[in-house]
Structures are given as C-alpha cells and as structure tokens.
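All remarks here apply to the structure that follows.
For the numbers below, each heavy atom of this structure counts, side chains included, while hydrogens, waters and symmetry mates do not.
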Amino acid sequence: MNPVSRGFRNAFRNGLRSASIVVILGLSIGLSFTMLVANKAVSNKISDIKSAVGTTVTISPAGFSPGSQANNALSNSQLQKVASLDHVTKLTETLEDRLSTTGSSQPTFGRGGSADSGATTSLTSPVKLNFNGNDKASGDSGPRLFVNGGGELPTNFSLPVSFLGTTDPTNINGTALTLTSGKNIQGTASADEVLVSQAMATKNNLKVGSKFTAYNKTLTVAGIFKNGTQQENGTVVLPLPAEQSLSGQSGDVTSAVATVDSLDNLTSTTNAIKSTLGNSADVISSEEQADDTVKPLNSVKTVSLFSLIGAVVAAGIIILLTMVIVVRERKREIGVAKAIGGSNPRIIGEFGVEALTLTIAGALIGFIIGVAAGQPVTNTLVDNSTSSNSIQGPGGRTIQFNGGAGGPARGFGGGFRNNGAVRGIKNINTEIGWGILLEGFGAAILIAVIGSALAAGMISKVRPSEILRSV
C-alpha cells in the first residue's frame with residue numbers, strides 16, 4: 001500500500017479520537033479563518049477610504065466648537081493670506097449659525113444655548129427625532145436622543161435650523177447640491193436670497209419666491225435643492241456676506257476649506273497654511289482626516305491579525321501533540337516497518353499524510369464556521385472599536401446622539417458632533433473569494449507541517465534493533 005493511502009487510512013484508525021481531533025481543529029481553524037476574513041475586510045475598507053483621499057485642507061478656529069460662546073472665529077483677512085499661497089487653487093469660506101424656531105422651547109445643552117445665537121426664524125426644521133429610542137413617528141429614520149433618567153424634551157421643542165453662509169453655495173460640506181427649481185445664488189453677494197431643501201420647503205409650505213423671517217429680516221427663497229442627508233435638509237444656504245451681516249459677525253468665518261492643486265503638494269501646502277495661521281487655527285488635511293477616520297479600523301486589523309496568528313499556532317500545537325502521541329503509540333509498528341525495509345522518508349510521509357488528512361477535515365469545518373461567523377465577528381469588532389457621541393443635557397443628564405439613516409443633524413444644540421464618519425467605517429462587508437479560501441487552505445497546510453515536524457524527528461530516531469529486542 002502506498003504511503004498516501006496508508007496515511008489516509010491511519011488518520012481514521014481510531015474513529016472517536018479522530019472525530020474529537022477534527023472537531024477541536026475545526027474550531028481553531030474556524031477562528032483563524034474568521035479572523036482572516038475580518039482582517040481582509042478591514043484592510044480593504046482602509047484601502048478604499050485612503051484611495052478616496054482628496055486634496056483639501058480643512059481650517060477651523062483653534063479649539064472651536066459650535067456651542068462655545070468664545071469669540072474665536074477666523075477672519076476674512078486671515079484667510080486671504082491662505083488663498084494667496086502657492087498650490088491653493090480654491091478657498092471656500094463658511095459661517096454657520098443656528099436659529100431657534102419662533103415660539104419653540106429651547107433647553108440648554110452643554111455650555112452653549114439651544115442655538116448658536118439668540119436669533120429666531122419662522123422656519124421649522126424638517127428633521128425628525130426619536131426620543132429615548134422610542135419611534136414616536138411611524139417610519140421616522142431621524143437621529144435619536146437618549147436621555148438618561150427618563151427626562152423628556154419640551155413638547156413644543158424643535159431642532160434649531162442651521163443657517164450656512166458660504167462662498168460656494170453649490171455644496172454643503174463637500175456634498176454637491178442639485179437644484180430642483182429656481183436658481184442658484186452668488187456666494188459673494190450680499191442679497192438676502194437663500195436655498196432650501198425640498199424637505200424644508202415642504203415642512204414650511206415654501207416655493208421659489210416665498211418669503212420667511214430670520215434675524216428679524218425677510219429672506220427670499222431663490223432655489224430649492226434635492227433632499228439629502230438630515231444635515232442638508234435642515235440647513236438654509238445663503239451667501240457668506242449676507243450671513244455675516246444678518247448675524248452681526250462682520251468678517252467672521254467659522255470654517256474654510258482650501259483645495260490644493262495636487263496630492264503631491266498636499267503635505268507641504270498644509271504645513272504652509274499652519275505656518276500662516278499659527279495658533280489661531282486648527283488645520284487638518286484630507287489625508288490626515290482619512291488617517292484619523294481609520295484609526296479604529298487599524299486597531300481592529302491589529303486584533304484580528306494577532307488572533308489569526310494565535311489561532312494558527314494553537315491549531316499547530318493541537319496537531320503536533322496529536323502526532324506525538326500517535327508516534328509514541330505506534331513506535332513498535334514504526335520499528336517493524338523499518339526492519340523490513342521501510343525508509344525514514346516513506347514512514348514520515350505516511351504520518352505527514354495522516355496529519356494533513358486530519359487538518360483538512362478540520363479545515364472543512366473551520367471554513368464553514370468562518371463563512372458563517374465572518375460578518376458578525378467583523379461587525380462586533382468594529383462596533384467595539386467605536387463609541388457613541390454624548391453631551392451633557394438639562395439637569396446634568398447625559399444625552400447620547402446617534403444619526404439616523406438619512407444622516408446626522410450636525411451640531412444640534414451646539415453640542416452634537418457629526419458621526420457620519422463612524423457610520424461610514426462601520427459599513428464593512430466581508431467577501432469570501434478564492435483568494436481567501438486559498439490563503440485559508442495554505443494556513444491548513446502550514447498547521448499540518450508544524451504538527452508533523454516533531455513527529456518526523458521522533459520517527460527518524462526509532463531504532464529497529466531496539467524495538468525488536470523489546471518484543
């Protein structure tokens with residue numbers, strides 16, 4: 001009988017023990033395959049995020065937060081120095097304010113008020129809320145408020161409406177606006193014309209040419225843009241000079257985005273902007289933002305890699321100890337085989353085939369486990385690497401904020417942060433292709449080799465004469 005068929009038959013010589021070894025190996029290989037799937041999925045997500053890196057630099061006042069009362073805004077004159085730097089092809093400046101709806105109750109959140117200023121507007125935000133996780137509006141996919149201690153917001157509470165003055169009214173925070181009716185506005189004009197979303201128009205019975213009040217002034221709807229995220233739907237877009245004038249913040253800018261001519265010049269231009277603005281601004285490039293975004297994924301990648309290595313080593317030790325026991329049990333059989341002319345390579349080959357057979361049987365179980373557990377385990381690892389945003393609400397209660405399916409209501413109450421990036425990195429889909437299967441099979445071969453190594457050394461040391469004398 002050739003070594004292959006003999007090794008295969010020997011693998012199942014003791015049915016109960018072989019079955020136990022296969023199950024244990026299957027669990028270990030299943031863990032390693034699951035970690036391999038998770039590692040690949042996270043690595044691909046990191047590559048996708050970094051491949052989408054643009055050539056922009058985000059500029060904001062040093063330590064600025066929407067709820068802060070500190071007057072630390074940047075100025076147009078400061079940013080003009082940035083616009084004149086080499087390789088800066090475009091500079092978009094914005095000033096954001098939040099106005100409470102006239103007649104609505106506005107509790108205090110964090111350090112700031114219910115909105116960024118005491119001004120009001122006749123508009124009502126179209127963004128819906130789920131209170132304490134209870135879906136009070138059928139089909140509501142808006143952000144949720146979780147108030148610890150069972151507190152409730154006032155019944156006539158309405159989310160503040162965001163007013164965004166910008167030199168580039170064609171987009172909101174990088175999202176291009178598509179007009180469905182009306183005309184666009186000029187970002188450098190001082191006219192009191194604005195753009196609103198379809199959701200905002202529907203909520204407030206607006207159309208092109210309609211008028212509403214804000215800052216005790218009358219504004220006119222020049223155009224209506226297609227619905228987008230919750231953030232976009234709850235934002236009124238107007239020219240930067242008009243917002244500066246209406247809000248009494250002449251020359252102030254709360255954020256800016258500089259576009260660089262190429263990725264090669266991104267780092268040097270970012271450093272030049274930091275040098276120009278000094279300690280008055282926080283400056284971060286799109287590349288740095290991508291690095292910050294994938295930090296949780298890098299930790300998941302590290303955990304999955306070490307878990308993969310640990311699982312492979314554990315499986316190798318299991319098969320190694322198994323083969324050591326088998327060799328000791330069949331030491332006399334090995335000696336007799338050598339005495340009748342069996343060579344070391346042939347006998348070692350038989351035991352190697354036996355180890356490989358057991359490992360492949362365990363790998364089949366492991367692959368099934370990996371396919372079933374890959375996505376859930378990946379989701380769990382990623383979820384555990386991120387955390388919900390929270391602020392202090394009325395009475396010192398903690399309020400956690402989670403954006404809905406339509407997107408986050410950024411800056412609500414001057415204290416909420418945009419967690420869109422968190423949702424983005426959580427959106428990871430595992431894919432099990434031939435490449436991963438081949439890598440998994442390669443790991444199984446490695447496990448079999450590790451398990452056979454010590455056994456091969458023990459076999460080579462068996463002396464037929466000693467075995468025969470002991471018979």
Over all atoms of both residues, closest heavy-atom pair of [X] and [Y]:
{"X": "Ser286", "Y": "Gly54", "value": "OG-O, 2.6 Å"}
{"X": "Asp282", "Y": "Pro61", "value": "OD2-O, 3.6 Å"}
{"X": "Ile369", "Y": "Gly26", "value": "CD1-O, 3.8 Å"}
{"X": "Ser181", "Y": "Val208", "value": "OG-CG2, 3.5 Å"}
{"X": "Ile185", "Y": "Ala222", "value": "CG2-CB, 3.8 Å"}
{"X": "Leu277", "Y": "Gln78", "value": "CD2-O, 3.9 Å"}

Return yes if some donor-acceptor pair links the side-chain N/O of [X] with the main-chain N/O of [Y] below 3.5 Å, else return no.
{"X": "Asn44", "Y": "Lys40", "value": "yes"}
{"X": "Ser28", "Y": "Leu25", "value": "no"}
{"X": "Asn233", "Y": "Asn227", "value": "no"}
{"X": "Ser75", "Y": "Gly251", "value": "no"}
{"X": "Ser122", "Y": "Phe212", "value": "no"}
{"X": "Ser275", "Y": "Asn271", "value": "no"}
{"X": "Ser210", "Y": "Lys207", "value": "yes"}
{"X": "Ser245", "Y": "Ala242", "value": "no"}
{"X": "Thr167", "Y": "Gly187", "value": "no"}
{"X": "Gln244", "Y": "Asp252", "value": "yes"}

*Starting from the C-alpha separation in whole Å, work towards a yes-or-no answer on side chain to side chain donor-acceptor pair (under 3.5 Å) for Thr94 and Ser255.*
CA-CA 5 Å; Thr94 60; Ser255 67; 2.4 Å; yes
*Hey, is CD on Glu439 packed in by over 12 heavy atoms from elsewhere, all under 6.0 Å?*
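Yes, CD of Glu439 has more than 12 neighbouring heavy atoms, counting only those of other groups under 6.0 Å.
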_Neighbour count >12 (heavy atoms, 6.0 Å) for atom NZ, Lys274_ =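 Yes, NZ of Lys274 has more than 12 neighbouring heavy atoms, counting only those of other groups under 6.0 Å.
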*Quick one: do the Asn76 and Gln80 side chains pair a donor with an acceptor below 3.5 Å?*
no
_Can a side-chain donor-acceptor contact be found between Asp168 and Thr170 if the only test is distance below 3.5 angstrom?_
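Distance-only check passes for Thr170 and Asp168.
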*Give the intermediate values and the outcome of side-chain contact (heavy atoms from CB on, under 4.5 Å) for residues Leu246 and Leu238.*
CA-CA 11 Å; Leu246 290 168; Leu238 65 163; 3.9 Å; yes
Atom [atom1] of [X] and atom [atom2] of [Y]: how far apart are they, to the nearest 0.5 Å?
{"X": "Thr235", "Y": "Gln230", "atom1": "OG1", "atom2": "CD", "value": "10.5 Å"}
{"X": "Ile24", "Y": "Leu358", "atom1": "CD1", "atom2": "CG", "value": "11.5 Å"}
{"X": "Lys217", "Y": "Asp192", "atom1": "NZ", "atom2": "CG", "value": "8.0 Å"}
{"X": "Glu287", "Y": "Leu263", "atom1": "CD", "atom2": "CG", "value": "6.0 Å"}
{"X": "Glu193", "Y": "Lys211", "atom1": "CD", "atom2": "NZ", "value": "8.5 Å"}
{"X": "Asn184", "Y": "Leu179", "atom1": "CG", "atom2": "CG", "value": "5.0 Å"}

*asked:* With side-chain contact (heavy atoms from CB on, under 4.5 Å) as the criterion, how do Leu297 and Val382 come out once you've worked through the C-alpha distance, each side chain's angles and the decisive distance to 0.1 Å?
replied: CA-CA 7 Å; Leu297 295 185; Val382 174; 4.3 Å; yes
[X]: which of [options] passes side-chain contact (heavy atoms from CB on, under 4.5 Å):
{"X": "Thr101", "options": "Thr124, Thr120, Leu159", "value": "Thr124"}
{"X": "Leu305", "options": "Thr302, Val303, Ile309", "value": "Ile309"}
{"X": "Val88", "options": "Asn265, Thr259, Thr269, Val57", "value": "Thr269"}

*Report the relative orientation of the aromatic rings in Tyr215 and Phe163; use parallel for angles under 30°, tilted for 30 to 60°, perpendicular for over 60°.*
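Ring orientation, 0 to 90° scale: perpendicular.
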*Should Val37 and Val377 be marked as a side-chain contact (heavy atoms from CB on, under 4.5 Å) after you check the CA-CA gap, both sets of side-chain angles, and the distance that decides it?*
CA-CA 9 Å; Val37 170; Val377 169; over 6 Å; no
Would you call [X] and [Y] a side-chain contact if the rule is heavy atoms closer than 4.5 Å?
{"X": "Val22", "Y": "Leu364", "result": "no"}
{"X": "Leu177", "Y": "Ile172", "result": "yes"}
{"X": "Val42", "Y": "Ser304", "result": "no"}
{"X": "Thr92", "Y": "Thr166", "result": "yes"}

_Test side chain to side chain donor-acceptor pair (under 3.5 Å) on Glu232 and Ser197; report intermediate values, then the result._
CA-CA 7 Å; Glu232 295 154 14; Ser197 68; over 6 Å; no
*Steps toward side-chain contact (heavy atoms from CB on, under 4.5 Å) verdict (Ser262, His87)*: CA-CA 8 Å; Ser262 71; His87 307 299; over 6 Å; no
